[in-house]
Participant: 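Supplied in structure tokens, the structure appears directly below.
No experiment lies behind these values; they were computed from the predicted model shown.
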Amino acid sequence: YLNKSLGQRFSTRLLAKYAYYNTHYVNRDTTTLRVDNTYRQQEFFVSSSNVYEILPCWSASLAYDLKWNKLDADMRAFVRPHRVGHYASVATAYNHPWFNIQGSLMAQFIGDTRHERMQTVHASQRALTPAVFVNAYPLRSKLLSLRAFAKKSYRMPTFNDLYYTDLGNASLQPESALQYNVGFVVEKDWTSGLLRHVRWQTDAYYNTVHDKIVAYPKGQQFRWTMLNLGKVHIKGIDVEGELAIAPMEGLQLSGRVQYTYQDARDVTDPTTSYYRDQIPYIPWHSGSAILGISYRDWDLNYSFLYAGERYNQQENIERNYMQPWYTSDCSLSYSMPVKKTMLKATFEVNNIFSQDYDVILNYPMPKRNYAISLSVQL
């Protein structure tokens, strides 16, 4: 990438990236059709962003991204898709001691080409996605921050979603959404004393999603497919708290809790039996807790994950009901500097209580298991 400043007010950045992926997919299950396919995917990305400072507190930006994708495979009559995407956006930001406001508008132009039945098929999509973000500081400090945003998003299905064996669904439509969020953050840090860090944040949101893209198990073990849910209304609350204390020199205790309530209902067709039912595998209640102890070069962590009741099919009936599940994990690590590198050794015990649980129906998760890792940071 390249960064360049022209004068005091204008700066520009140019970024380019190329990637090549070779994926070999093998399925030797004798109860189904055997599969042995190799996929070769190329991606090229170039981005140009430019910022101009109109006033010390007001700036404007213009950006353009070009993305090119190509997928090939050793399958007979494979469609060999190509995609070229153009993304142009304009944005502005105004910063005041009491508040910040940002606004943007992105235009997307995406063209797909594939080969079907001895002919070339072209398809194109275009979308405009505006967004507005506001942060306010009523106490004229970072202690309390009020925030809100409204934005429209648009997502094309990836080549993996569309064309990979078993998983892919060539009929997928792009996903679009309107998202609204309001929340607040209370945060404070101290450099001395017992209490070192406190943070609490709460967000409430409401989304309307059209043609939501989801991965869905087809019933056979480890075989999934992608599909669209016509229209989904999602409302929820995210709550997160953090606390850190230092009882003595070199010792720090920390804790983090997180809770999510999410109501995600399929409102596509009032005549269906699952109209306004919770969509599959989305729990109403979920959360986590992490406790940590750090003493000099040692770190001990305990984590607890919880996912509440949910359903494995579109109909919320007793036969599709799934019990809540939870796990407890623990890890101990030691860090040691060696010349100009940092060595870190970690020992983990996952699912400490050896709980039986299924994240997805008939996909049992490991019981108690152990892991040892060694990392080197240069």
Participant: Just wondering, do I237 and V239 contact through their side chains at under 4.5 Å, heavy atoms?
Facilitator: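 When only atoms from C-beta onward are counted, I237 and V239 do touch, with a gap below 4.5 Å.
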Participant: Would you please classify the geometry between the H96 ring and the W98 ring as parallel, tilted or perpendicular, with 30° and 60° separating the classes?
Facilitator: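 Because their plane-to-plane angle is over 60°, the rings of W98 and H96 count as perpendicular.
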Participant: Can you tell me how far the CZ atom of R276 sits from the CG atom of N316, to the nearest 0.5 Å?
Facilitator: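 Nearest 0.5 Å value for the CZ-CG distance: 12.0 Å.
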Participant: Is any side-chain heavy atom of D269 closer than 4.5 Å to a side-chain heavy atom of Y275?
Facilitator: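 With C-beta onward as the side chain, the pair stays apart.
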Participant: Assigning hydrophobic clusters by single linkage (Ile, Leu, Val, Met, Phe, Trp, Tyr; side-chain heavy-atom cutoff under 4.5 Å), is Y180 placed with L128?
Facilitator: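 No, separate clusters.
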Participant: Using every non-hydrogen atom in the two residues, find where P174 and P157 come nearest and quote the distance to one decimal.
Facilitator: CA-CD, 3.9 Å
Participant: Answer yes or no: is there a side-chain heavy-atom contact under 4.5 Å between T272 and Q314?
Facilitator: no
Participant: Can any side-chain N or O of N207 pair as donor or acceptor with the backbone N or O of V209 at less than 3.5 Å?
Facilitator: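 The answer is no, because no donor-acceptor pair under 3.5 Å joins these two groups.
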Participant: More than 12 foreign heavy atoms under 6.0 Å from CZ of R126: is that the case here?
Facilitator: no
Participant: Is there side-chain contact between T113 and V121, with heavy atoms separated by less than 4.5 Å?
Facilitator: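 A side-chain contact is absent here, since even the closest heavy-atom pair is not under 4.5 Å.
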Participant: Is the backbone N or O of N320 less than 3.5 Å from a side-chain atom of N312, with the two atoms forming a donor-acceptor pair by type?
Facilitator: yes
Participant: Which heavy atom in G255 sits nearest to a heavy atom in L291, and how many Å separate them?
Facilitator: CA-CD2, 4.1 Å
Participant: Rounded at 0.5 Å granularity, tell me how far NE2 in H233 sits from NZ in K231.
Facilitator: 4.0 Å
Participant: Let's go through Q313 and Y274 carefully: what are the C-alpha distance in whole Å and the side-chain angles of both, what is the deciding distance for side-chain contact (heavy atoms from CB on, under 4.5 Å) to 0.1 Å, and is it a yes or a no?
Facilitator: CA-CA 9 Å; Q313 298 289 334; Y274 48 83; over 6 Å; no
Participant: Calculate, to the nearest 0.5 Å, the distance between atoms OG1 and CG belonging to T92 and L62 respectively.
Facilitator: 12.0 Å
Participant: Going by distance alone, is a donor N or O of one side chain under 3.5 Å from an acceptor N or O of the other, for T260 and D238?
Facilitator: yes
Participant: Is it the case that more than 12 heavy atoms not belonging to W58 sit under 6.0 Å from its CH2 atom?
Facilitator: no
Participant: Are W200 and L143 linked, directly or through intermediate hydrophobic residues, by side-chain heavy-atom contacts shorter than 4.5 Å (ILVMFWY only)?
Facilitator: yes
Participant: Would you find a donor on one side and an acceptor on the other, under 3.5 Å apart, between the side chain of H82 and the backbone of R80?
Facilitator: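 Yes.
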Participant: Can you find a pair of side-chain heavy atoms, one from Y154 and one from M106, that are under 4.5 Å apart?
Facilitator: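 Answer no - side chains too far apart.
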Participant: Within the side chain of R310, is there an N or O that forms a donor-acceptor pair under 3.5 Å with the backbone of Q323?
Facilitator: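 Side chain of R310 to backbone of Q323, a donor-acceptor pair under 3.5 Å: yes, one is there.
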Participant: Hey, quick one: are L6 and L15 part of the same hydrophobic cluster, counting side-chain heavy atoms closer than 4.5 Å, chains of contacts allowed?
Facilitator: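 No: no chain of side-chain contacts under 4.5 Å links L6 to L15.
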Participant: Give the minimum heavy-atom separation between A264 and I282, together with the two atoms involved.
Facilitator: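 That would be CB-CG2, 4.3 Å.
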Participant: Would you tell me whether R199 and Q201 have side-chain atoms, one donor and one acceptor, within less than 3.5 Å of each other?
Facilitator: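 A donor-acceptor contact under 3.5 Å links the two side chains.
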Participant: Y137: which other cluster members, linking ILVMFWY side chains closer than 4.5 Å, directly or transitively?
Facilitator: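 Joined to Y137, directly or through intermediates: none.
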Participant: Go through the steps for W68 and L66 under the test side-chain contact (heavy atoms from CB on, under 4.5 Å), then give the verdict.
Facilitator: CA-CA 7 Å; W68 173 83; L66 170 67; 5.6 Å; no
Participant: Decide side-chain contact (heavy atoms from CB on, under 4.5 Å) for I110 and D112; before the verdict, give the C-alpha distance in whole Å, the side-chain angles of both, and the deciding distance to 0.1 Å.
Facilitator: CA-CA 7 Å; I110 303 167; D112 281 4; 4.1 Å; yes
Participant: Main chain of T38, side chain of D74: is a donor-acceptor contact present, judged purely on distance under 3.5 Å?
Facilitator: yes
Participant: Which heavy atom of S288 sits nearest to which heavy atom of L305, and what is that distance?
Facilitator: CB-CD2, 3.6 Å
Participant: Report yes or no: does Q278 contribute a side-chain atom to a donor-acceptor pair with the main-chain N or O of Q262 at less than 3.5 Å?
Facilitator: yes
Participant: Could you verify whether a donor N or O on one side chain and an acceptor N or O on the other, from H285 and Y259, lie under 3.5 Å apart?
Facilitator: yes
Participant: Is the shortest heavy-atom distance from the side chain of D203 to the side chain of R147 under 4.5 Å?
Facilitator: yes
Participant: Side-chain contact, heavy-atom cut-off 4.5 Å: T327 with M365?
Facilitator: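 Counting from C-beta outward, T327 and M365 never come under 4.5 Å.
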Participant: So does R256 pair up with E240, basic N to acidic O under 4.0 Å?
Facilitator: yes
Participant: Hey, could you give me the CE/CG distance between M336 and D297, rounded to the nearest 0.5 Å?
Facilitator: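 With rounding to 0.5 Å, CE (M336) is 9.0 Å from CG (D297).
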Participant: Kindly indicate, with the supporting measurements, whether the criterion side-chain contact (heavy atoms from CB on, under 4.5 Å) is fulfilled by L195 and L243.
Facilitator: CA-CA 8 Å; L195 194 58; L243 177 68; 3.3 Å; yes
Participant: Look at the side chain of R265 and the backbone N and O of D277, then say whether any donor-acceptor pair between them is shorter than 3.5 Å.
Facilitator: no
Participant: Would you name the heavy atoms of I213 and M226 that are closest together and state the gap between them?
Facilitator: CG2-CE, 3.8 Å
Participant: With the side chain counted from C-beta on, respond yes when T129 and S153 share a heavy-atom pair under 4.5 Å apart, and no when they do not.
Facilitator: no
Participant: To the closest 0.5 Å, what do you measure between CZ (R13) and OG (S49)?
Facilitator: 6.5 Å
Participant: Do Q42 and Y18 have side-chain atoms, one donor and one acceptor, less than 3.5 Å apart?
Facilitator: yes
Participant: Honestly curious: do W298 and Y302 fall in one hydrophobic cluster under the side-chain, below-4.5 Å linking rule?
Facilitator: no
Participant: Parallel, tilted or perpendicular: which one describes the rings of Y64 and H86, with boundaries at 30° and 60°?
Facilitator: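 Geometry flag for H86 against Y64: parallel rings.
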Participant: Hey, could you give me the CG/CD distance between D65 and Q108, rounded to the nearest 0.5 Å?
Facilitator: 10.0 Å
Participant: Does the side chain of S375 pick up a donor-acceptor pair with the side chain of Q377 at under 3.5 Å?
Facilitator: no
Participant: Tell me which one of Y326, W325, F353 satisfies ring-ring contact (aromatic ring centres under 6.0 Å, His included) with F304.
Facilitator: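 Running ring-ring contact (aromatic ring centres under 6.0 Å, His included) over Y326, W325, F353 with F304 returns exactly one hit, Y326.
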Participant: Would you kindly confirm whether V359 and M322 end up in one hydrophobic cluster when ILVMFWY residues are joined by side chain heavy atoms under 4.5 Å apart?
Facilitator: yes
Participant: Answer with yes or no whether the side chains of Y205 and Q179 bring together a donor and an acceptor at under 3.5 Å.
Facilitator: no
Participant: Looking at P366 and N351, what are the two nearest heavy atoms and their distance?
Facilitator: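 That closest heavy-atom pairing would be O-ND2, 3.0 Å.
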